[in-house]
Amino acid sequence: MTARQVKPGIFWAGALDWDRRLFDELIPLPDGTSYNSYLIKGSEKTALIDTVDPTKEHVLINNLQSLKIDKIDYIIANHAEQDHSGALPTILALYPDAKIVTNSKCASILKELLLLEDKQFIEVNDGESLSLGDKNLEFIFAPWVHWPETMFTYLIEDAILFSCDLFGAHLATSDLFVKDRMKTALSAKRYYAEIMMPFRKNIKKHLEKLGEFKLEIIAPSHGPLYNKPELIIDAYKEWVADEVQNEVVIFYVSMHGSTKRMVDFLTDVLIEKGISVKLFNLSRSDIGELAMALVDAATLVVAAPTVLAGPHPSAVYAAYLANALRPKLKYISIIGSYSWGGKTVETLTAMLSNLKAEIIDPVYIKGHPKSNDFESLRFLADEIHNKHNL
Ligand code: FEO
């Protein structure tokens, strides 16, 4: 891979990672990812915006060599996480005159993570600009996308927003700009769900602020660039909005079939009522799919049997995840079956407390479901239907 021109004097110099299948030892990457680094050659100064994951630093170095870059004046750090900062020490060793330009919070994190020194940094404030000669960069602080130090860099003359992780997609593609809109939209939604969703309220404010800027290109830190920025801006506006869809997500695990029988019955009744259902078997599902389903849904039902007096561990994992991701769910319920006792409902309810969602009365039964249990599930479906139609 060699560097590619975004516009005259502006280059993508990052790395595609086609083979990576897991991020943070947690997030599945079915389509790999990219670490986007950008080089801007002004008439007087040269700036590199972010670096790459340390496993791909040789690719960044090759790209800089292919562009015949013998001097970098500034390395802009929009975000301290290592998939963008990890190659900084190597790049600084190759370009010793370069200064890292970032906000004070990011500088302080970078010093801790990469053992860098004060003298290597130039700290900037929100709204401050930096001249490269005929090109000028403006720094826009955007905390919590998805760390506290994150910021955007805006190239004023070309109306390009280097948006850090925001608007990113874990997608390795040879397309510099979005070409396959459907694929990119799905990857971007998955990325939003896994990484950005807990910060929905902050993102709403950032979107409002970005409304003040002319945007011709959005250049995120992962995935292809947007030369039609409204594609991703409009999608984000929908994802962060408070409105939910008439949709129930069911996370389930079943050991001997009782909980599964309840899930199947509830699913059928919900579908009869015209409610969309997304069903996930927790023993087999990719957690990115679970997260994505939570972006728009009104209701989550966790269906789990009791194991050793508490919820099945797969349900504990999924509940922990849902609670951490803070989707805009309005309602939650729990269903399942036990054999002799336990505190499954109490434990799962307590685990979902971040969500501020209304708990609809659980249906938690002893043994295999009987006719009165099916009636209770029908009542639960009625409740969900009524609440969705409020
Ligand atoms: Fe792509 Fe938060 O790093």
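Order of listing sets the numbers, starting from 1, for every ligand and every atom in it.
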Going by distance alone, is a donor N or O of one side chain under 3.5 Å from an acceptor N or O of the other, for Y236 and R200?
-> no
Verify the distance criterion only: is there a donor paired with an acceptor across the side chains of Y364 and T306 at less than 3.5 Å?
->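 Yes, because at least one side-chain N or O of Y364 sits under 3.5 Å from a partner of the opposite role on T306.
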Would one find an N, O or S atom of H84, in either backbone or side chain, under 2.8 Å from atom 1 (Fe) of ligand 1?
-> yes
Can you tell me if an N/O/S atom from H222 lies under 2.8 Å from atom 1 (Fe) of ligand 1?
-> yes
Name of whichever N/O/S atom of D165 is nearest to atom 2 (Fe) of ligand 1 =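 Minimum-distance N/O/S atom of D165 relative to atom 2 (Fe) of ligand 1 is OD2.
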Of all N, O or S atoms in E81, the one closest to atom 2 (Fe) of ligand 1 is OE1
For atom 1 (Fe) of ligand 1, the closest N/O/S atom belonging to D83 =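 The nearest such atom is OD2.
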Heavy atoms, side chains only, cut-off 4.5 Å: are I76 and F139 in contact?
->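 SC-SC contact between I76 and F139 confirmed.
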Cationic tip of K111 within the cone over F121's six-membered ring, i.e. under 6.0 Å and within 45° of the normal?
-> yes
Metal site atom 2 (Fe) of ligand 1: N/O/S of C164 inside 2.8 Å =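 For C164, the answer is no, given that no N, O or S atom comes within less than 2.8 Å of atom 2 (Fe) of ligand 1.
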Quick one: are the ring centres of H170 and F23 less than 6.0 Å apart?
->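 Yes: the rings meet the under 6.0 Å criterion.
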